[in-house]
Amino acid sequence: MLLHRLARVSREVAATSARSRKTALLAELFRAAEPEDVPVVIPYLAGRLPQGRLGIGWKLLGTPVPPADEPSLTVREVDARLTAIGAVTGTGSQTARGRLLGALMAAATEEEQRFLVGLLTGEVRQGALDALAAEGLAAATGAAPADVRRAVMLAGSLQTVARALLAEGPSALGAFRLTVGRPVLPMLAHTASSVTSAVEKLGACAVEEKLDGIRVQVHRDGEVVRVYTRTLDDITDRLPEVSAAARELTQGRFVLDGEVIALDEEGRPRSFQETAGRVGSRVDVDRAAAAVPVSPVFFDVLSVDGRDLLDLPFAERHTELARLVPEPLRVRRVVVTGPEESARAEAFLAATLERGHEGVVVKSLDAPYSAGRRGASWLKVKPVHTLDLVVLAAEWGHGRRTGRLSNLHLGARGEDGSLVMLGKTFKGMTDTMLAWQTERLSELAVEEHRWGFTVRPELVVEIAYDGLQRSTRYPAGVTLRFARVLRYREDKRPEEADTVETLLAAHPGVAP
DNA sequence: TTCCGACAGTGGGGTCGCAAT
DNA sequence: ATTGCGACCCCACTATCGGAA
């Protein structure tokens with residue numbers, strides 16, 4: 001298949017807003033693909049590279065190359081050339097990659113170039129990623145969408161499923177089963193505004209600690225232990241403590257779901273930054289482990305002793321978990337019968353926060369284990385802090401926010417009355433707010449930049465955030481975690497905005 | 001007809017590690 | 001030695017489509 005055809009379909013998919021039309025277009029192309037094209041066409045149309053990341057970013061793509069007049073590249077040739085670029089390593093590799101990339105771009109038409117740039121930077125923006133590609137795949141092969149989704153969860157990737165489906169048809173889906181040693185996509189939680197509302201929604205449920213660490217899926221088959229992240233990367237070698245803990249358990253074959261977290265001597269959680277730094281360390285693992293030991297803490301079991309537990313209700317999976325994993329290696333929890341016990345659930349959240357943890361996850365006792373965001377049977381609840389801050393500058397948005405001032409620079413009042421930047425946010429804005437702030441901030445502009453405007457510090461915004469973390473980037477040495485706009489405070493003047501002093505006082509122990 | 005679940009998009013900050021400077 | 005860049009961790013929220021109620 002020519003890249004030209006694929007790029008054109010991608011553009012058509014981007015041009016329509018109807019999801020049904022998007023899946024129809026994708027299905028048509030999948031049907032036309034030759035079997036050998038499939039491992040490339042499927043991920044490309046899901047907006048991803050089959051190789052994963054290639055170390056090619058905006059920097060390498062920087063210099064534009066004159067496009068070819070006539071399409072000639074096939075998708076397989078593109079894939080082979082990108083694989084070759086990814087394989088270049090060592091001193092001078094950036095230069096060599098740039099040259100190879102330039103040659104590839106020169107062979108591409110303008111439309112093909114646009115598609116390739118999107119693919120390489122992860123910004124395909126066609127309004128169709130894995131989920132709709134799976135839908136299109138189902139349509140192309142006559143398989144039931146739910147069966148395709150389940151196979152994707154079990155395989156951990158769409159490609160594997162696509163290859164089997166297009167080669168053998170819907171009957172191929174039956175072969176995808178939970179296998180120890182092969183990671184499955186993890187079940188994710190939605191957000192609820194309070195424990196009470198979560199319990200009202202779910203009825204009988206478990207309320208569990210939410211630990212602020214790194215999600216892990218741990219597979220053990222005899223002496224072989226593998227540890228995977230949320231995105232199914234293998235991080236076994238970085239976490240010897242987790243392997244050791246898995247080998248201590250009495251059963252020899254299982255798949256567990258949990259979190260790794262660094263705890264201090266008293267068992268209180270260290271900062272997320274410390275846990276993430278430890279888990280990210282690959283080069284000298286022994287040293288990193290000595291400095292910041294981590295503990296696995298489990299909350300679910302997907303398989304034990306060859307039995308697939310995915311479809312069991314959570315209550316029954318937890319019974320299996322409690323049989324396999326000793327209490328200190330499980331998250332704390334309470335079980336409530338329903339809204340009549342929401343006071344107990346709220347008390348558990350308070351106690352969890354008191355112990356220094358992030359919040360709770362409220363889980364339906366009936367729900368099977370199911371990947372992706374489908375179904376809201378897990379609801380997380382975290383406390384939200386708010387501040388009134390001053391807008392210092394605003395950056396132009398991209399994509400659907402092109403032409404709108406989007407990303408706000410936020411400042412708090414310093415000791416001497418100056419304003420101290422604490423971070424940025426683009427979250428929480430409605431289209432109406434975007435339009436309003438574009439106009440208002442343009443009026444307040446004092447300096448124009450390529451990226452946007454510095455403005456007279458007159459507008460006050462109410463900001464919600466999850467907590468404070470250390471920063472080397474911002475002058476106060478701290479920044480807000482997950483800041484988002486709640487509303488503009490036109491009733492407040494900048495002199496009434498919050499101060500750095502009160503912010504630091506509200507989060508003792510964070511500032512350097 | 002209205003409601004709501006699922007999806008994509010829009011980026012935030014940090015840390016690590018490699019390559020370039 | 002320091003800096004720049006990319007990959008991965010953590011993530012909130014809105015708009016929109018289309019099926020469910």
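This structure is a prediction, so every number in the text was calculated from the model and none was measured. Quick note on labels: first sequence line is chain A, next is B, and so on, each numbered from 1. Because only heavy atoms are used, hydrogens play no part in the values below, and waters and symmetry mates are left out as well, while side chains stay in.
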Exercise. To the nearest angstrom, how far is A:R487 atom CZ from C:dC13 atom C1'?
Worked result: 17 Å
Problem set entry | Ionic contact status for A:K424 with A:E395, cut-off 4.0 Å | yes
For this session: Assign A:A18 to base, sugar-phosphate, or nothing according to its heavy-atom contacts below 4.0 angstrom with the strands shown.
Result: sugar-phosphate
Problem set entry | Those residues that, when tested against A:R182, pass side chain to side chain donor-acceptor pair (under 3.5 Å) (two or more places apart) | none
For this session: Rounded to the nearest angstrom, tell me the gap between atom NE2 in A:H190 and atom P in B:dG5.
Result: 9 Å
Problem set entry | A:E209 side-chain N/O to A:H357 backbone N/O, donor-acceptor pair under 3.5 Å | no
Exercise. Has A:R99 got more than 12 heavy atoms of other residues, nucleotides or ligands less than 6.0 Å from its CZ?
Worked result: no
Exercise. A:S194 and A:T196: side-chain donor and acceptor closer than 3.5 Å?
Worked result: no
Exercise. With a non-hydrogen cut-off below 4.0 angstrom, is A:R19 in contact with a base, only sugar-phosphate, or nothing?
Worked result: base
For this session: Would you kindly give the CG-to-P distance between A:D466 and C:dC9, to the nearest whole Å?
Result: 20 Å
Problem set entry | Between P of C:dC5 and CG of A:L120, the distance in whole Å | 17 Å
Problem set entry | Phosphate-side-chain proximity, A:T430 and C:dT14, N/O vs OP1/OP2 below 4.0 Å | no
Exercise. How would you list, by chain and number, every residue that makes a ring pair (Phe, Tyr, Trp, His ring centres under 6.0 Å) with A:F453, sequence neighbours excluded?
Worked result: A:W396
Problem set entry | Sugar-phosphate, base or nothing in reach of A:T275, heavy atoms under 4.0 Å | nothing
Seminar exercise, completed: Overall bend of the helix from B:dA8-C:dT14 to B:dT21-C:dA1 (five pairs an end, 10° steps) is 20°
For this session: Could you check whether A:D431 gets within reach of a base, just the sugar-phosphate, or nothing at all, counting any heavy atom under 4.0 Å?
Result: sugar-phosphate
Seminar exercise, completed: Counting primed atoms, P, OP1 and OP2 as sugar-phosphate and everything else as base, the B/S/- map of nucleotides 10-17 of chain B against protein heavy atoms under 4.0 Å is BBBSSSSS
Exercise. With sequence neighbours left out, what residues match A:D431 under side chain to side chain donor-acceptor pair (under 3.5 Å)?
Worked result: A:R400
Exercise. Do we get A:K382 above A:F482's six-membered ring, with its NZ or CZ under 6.0 Å from the centre and within 45° of the axis?
Worked result: no
Exercise. Should A:K380 be listed as having a side-chain N or O under 4.0 Å from OP1 or OP2 of C:dA12?
Worked result: yes
Problem set entry | A:E490/A:R440 under salt bridge (Lys or Arg N to Asp or Glu O under 4.0 Å): CA gap, chis, key distance, verdict | CA-CA 12 Å; A:E490 291 184 88; A:R440 200 70 187 81; 5.0 Å; no
Problem set entry | Nearest-Å distance for atom pair CG/P, residues A:L188 and B:dA6 | 12 Å
Seminar exercise, completed: To the nearest angstrom, the CG-P distance between A:D233 and C:dG6 comes to 19 Å
Exercise. Starting at the 5' end of DNA chain C, which residue's closest nucleotide do you reach first, A:K210 or A:R21?
Worked result: A:K210
Exercise. Taking CG from A:L211 and P from C:dC9, how many angstroms apart are they, rounded to a whole number?
Worked result: 18 Å
Seminar exercise, completed: By ring pair (Phe, Tyr, Trp, His ring centres under 6.0 Å), A:H449 pairs with (sequence neighbours left out) A:W451
Seminar exercise, completed: Whole-Å distance, A:L185 CG to B:dC7 P, equals 12 Å
Problem set entry | Sugar-phosphate, base or nothing in reach of A:K201, heavy atoms under 4.0 Å | nothing
For this session: Give one of base, sugar-phosphate or nothing for A:K382, where a contact means two heavy atoms less than 4.0 Å apart.
Result: sugar-phosphate
